[in-house]
2 protein chains.
Amino acid sequence: MKIQGISTQTLRRLPYYLNYLVNCEADGGYISAAAVASALKLNEVQVRKDLATVCQVRGVPKKGFPVSDLIEGLRDCLGQNNVHDAILVGAGNLGRALLSYKGFEQYGLNIIAAFDIKEGEADGKKIFPLEKLPDIINRLSIKIAVITVPGDVAQQVCDILTSNGILAVWNFAPAHLTVPDGVLVQNENMASSLAVLSNHLKSRMEGSE
Amino acid sequence: MKIQGISTQTLRRLPYYLNYLVNCEADGGYISAAAVASALKLNEVQVRKDLATVCQVRGVPKKGFPVSDLIEGLRDCLGQNNVHDAILVGAGNLGRALLSYKGFEQYGLNIIAAFDIKEGEADGKKIFPLEKLPDIINRLSIKIAVITVPGDVAQQVCDILTSNGILAVWNFAPAHLTVPDGVLVQNENMASSLAVLSNHLKSRMEGSE
DNA sequence: TTCTTATCGATAACGTTTTATCAATTATAC
DNA sequence: GTATAATTGATAAAACGTTATCGATAAGAA
């Protein structure tokens, strides 16, 4: 059963739907696409399409969609019903920050080990030396890795990861990573977001002067 | 002079160009769009278009683009030539993590104060109570705010911010924010990224079984 | 100087994502 | 039971972003 073919942009909206639906459950069990759209400032048709892509829940004319079914479908699609174990490489500033952040588990990600060139400890967790990477990845059959190393070594680290079976990389390093086919890189580039922010601010400031 | 109209997606690529160019300056001063494209795994034409949008640097046939001019143009466009002061609201796990992260200044963002319901201290910086927000924003004429509060109070915090003149919000809270016209919300939604990751992993695992 | 060729810049084709339109459906009121 | 109105789902149109094509340009070689 292939559930293939959900576009990235749809996927990125799903957590917003889920968040909204979970906090709005009070309304008697059904909600309309229009209501969701207006709350999330999205287009009504887009909401319907997104929901249709995700789960086989049929909407009922004059009522809307059954909220709990939607939540179930979204959770399932987002993999929040089963937690994935992950490792983190690079226990510098940002790495430690993420290690201490407790919010990931809620979304189905469990960081079970961290690695760095120099051993140490962060947030009560032991930091392993890089040499132990292959062994641990294989032994625990980890598929997800978070990269928080400096940009200039990111590719190198990434190669080690993919050659040991990592299938999904969450890359916080400000660098482009090349990976084998079938491996996904999700870039969480703070610089990119800042670029958008700054630029907006700039045109606002220039516009008003 | 309106520099308006740079698409979000182009903007998000700019930091990659900048990063690459800064680390590749050795080549005699010129670089071709093709070279950049192949290094960053982008389309050659796209690179030309992006660069053309950003700065008025003309490429020279048979040579390429003058690297230092590109860097200058990119830095300027990204606002990295002048640092913006910002504040952070929500000194929980993630907030403290970001406060301790030293990498933002490099990109032109300087977090000068942090706020939370409960006062305290993090990373050597004092955390101010929320009541002080309006005063500090106005006195220092801050335009950028980072939101790292829990999702259920994010909107409320956001309202305080925008009503005091904040023009750009970098939102790490897992919630949709409604803002007045002219204010930009840049969502850094970890959940969205995880959604993409998980889904990929899921279809990979199902595909191979 | 002239020729060759790499590279640009502009324009056009393509694909994807978003938005609009409208007939079909069914809960609710009368 | 019938009419009404809200809502869906499908199809079409529009907007946007990416990729391909091709003539123009100038560097460097002959």
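Computed from a prediction, not measured in an experiment: that's the story for all the values here. The chains referred to below are lettered A, B, ... by the order of the sequence lines, with proteins before strands, and numbering in each begins at 1.
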Does [X] have any side chain to side chain contact (heavy atoms under 4.5 Å, CB included) partners at least two apart in sequence or in another chain, and if so, which?
X: A:P61; result: none
X: A:S198; result: B:H84
X: B:V83; result: B:N110
X: A:T162; result: A:C158, A:V179, A:P180, A:V183

Hey, which sits more toward the 5' end of DNA chain D by its nearest nucleotide, A:S32 or B:R13?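 Nearer the 5' end of the strand: A:S32.
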Restricting to pairs with a member in residues 140-174 of chain A, which pass ring-ring contact (aromatic ring centres under 6.0 Å, His included), not counting sequence neighbours?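 Only A:F104-A:W170, A:W170-A:F172 qualify under ring-ring contact (aromatic ring centres under 6.0 Å, His included).
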What residues form a salt bridge (Lys or Arg N to Asp or Glu O under 4.0 Å) with A:E44, not counting sequence neighbours?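 Applying salt bridge (Lys or Arg N to Asp or Glu O under 4.0 Å) to A:E44 gives A:R48.
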Partners of B:D50 by salt bridge (Lys or Arg N to Asp or Glu O under 4.0 Å), sequence neighbours excluded? B:R13
Could you pull out every donor-acceptor pair under 3.5 Å between side chains of residues 136-143 of chain B and any protein atom, sequence neighbours left out?
| from | atom 1 | to | atom 2 | distance (Å) |
| --- | --- | --- | --- | --- |
| B:N138 | ND2 | B:P134 | O | 2.8 |
| B:N138 | ND2 | B:N164 | OD1 | 3.2 |
| B:R139 | NE | B:D135 | OD1 | 3.4 |
| B:R139 | NE | B:D135 | OD2 | 3.4 |
| B:R139 | NH2 | B:D135 | OD2 | 3.0 |

Quick one: ring-ring contact (aromatic ring centres under 6.0 Å, His included) partners of B:F115, sequence neighbours excluded? B:F128
Contact boundaries on DNA chain D for chain B, cut-off under 4.0 Å to non-hydrogen atoms: D:dG17 to D:dA27
Residues in contact with DNA chain D, drawn from residues 42-52 of chain B - heavy-atom cutoff 4.0 Å: B:N43, B:V45, B:Q46, B:K49
Rounded to whole Å, NZ of A:K41 lies from P of C:dT19 at a distance of 14 Å
Polar atom pairs between nucleotides 25-27 of chain C and protein, under 3.5 Å, N or O only, would you list them?
none

Candidate list B:R58, B:K63, B:K62, test side chain to side chain contact (heavy atoms under 4.5 Å, CB included), partner B:V60, passing option: B:K63
NA contact type, B:S7, heavy-atom cut-off 4.0 Å: base, sugar-phosphate, or nothing?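 Counting heavy atoms under 4.0 Å across all strands, the contact made by B:S7 is with sugar-phosphate only.
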